[in-house]
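One structure is given below, encoded as structure tokens.
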Amino acid sequence: MKSGKTSLIRTFTRLAFANRASAVYLALVGGATAVAALEPLFASSPDASLVWVWPALFTFPAFGFVAWLGEAGWGGDAPTWFFVGGIAVSALVQSLAVGAAWQGLRGRRRGRLTTAG
């Protein structure tokens, strides 16, 4: 018999990682983060740090809260680890939301297709 905690972890994993919509979203955010992390190795211009705008934009609705916390806590001088960690947490939260929306839309569509009229 499955415990409630195991079922909750399995549901979270299925919604956040194990569906196409969440996987595509996480790949997009991961790719943008990888490019932003590798950019200083290949670019010598002072504007190279602006590439971090893309991962932040891809995670924006949730990252807006992280940016607000950084502004409130450090007065606009938050450490880099806070923003990079915020991008990761924001991506996971939004991946969960995308997975839940995907499951909800697929469930409705399946219900219409299987109902005999």
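By convention here, the first residue in the shown sequence is residue 1.
- Phe83 is connected to Phe65 through a chain of hydrophobic side-chain contacts under 4.5 Å among Ile, Leu, Val, Met, Phe, Trp and Tyr, so both are in one cluster.
- Nearest heavy atom pair, residue Ile87 against residue Ala56, reads CD1-N, 4.2 Å.
- Val89 is not listed as a side-chain neighbour of Val66, based on a closest heavy-atom distance of 4.5 Å or more.
- Thr59 places no side-chain N or O within 3.5 Å of a backbone atom of Ser90 that could act as its donor or acceptor partner.
- Side chain of Ser22 to backbone of Val98: no donor-acceptor contact under 3.5 angstrom is found.
- For Ala67, the side-chain contact (heavy atoms from CB on, under 4.5 Å) criterion is met by Phe63, not counting sequence neighbours.
- At distances below 3.5 Å, not a single donor-acceptor pair connects side-chain atoms of Gln103 with backbone N or O atoms of Leu15.
- Leu41 and Trp52 sit in two unconnected hydrophobic clusters of ILVMFWY residues. Membership requires side-chain heavy atoms under 4.5 Å apart, directly or through other members.
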Item checked: Derivation of the side-chain contact (heavy atoms from CB on, under 4.5 Å) call for Leu28 and Val24 -> CA-CA 6 Å; Leu28 178 72; Val24 168; 5.6 Å; no
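- Contact detail for Pro61 and Gln94: the closest heavy-atom pair is CD-OE1, 3.2 Å.
- Heavy atoms from other residues, nucleotides or ligands lying under 6.0 Å from CZ of Phe60 number 12 at most.
- Phe17 places a side-chain heavy atom less than 4.5 Å from the side chain of Phe12.
- For the atom pair CZ of Phe58 and CG of Leu26, the computed distance is 13.0 Å after rounding to the nearest 0.5 Å.
- Aromatic rings of Trp74 and Phe82 (six-membered ring for Trp) have centroids within the 6.0 Å cut-off, being under it.
- The main-chain N or O of Ala91 is never found under 3.5 Å from a side-chain atom of Tyr25 such that the two would form a donor-acceptor pair.
- One finds the OG atom of Ser95 at 7.0 Å from the CG atom of Asn19 (value rounded to the nearest 0.5 Å).
- Tracing side-chain contacts under 4.5 Å through hydrophobic residues (I, L, V, M, F, W, Y), one never reaches Leu92 starting from Leu8; they form parts of separate clusters.
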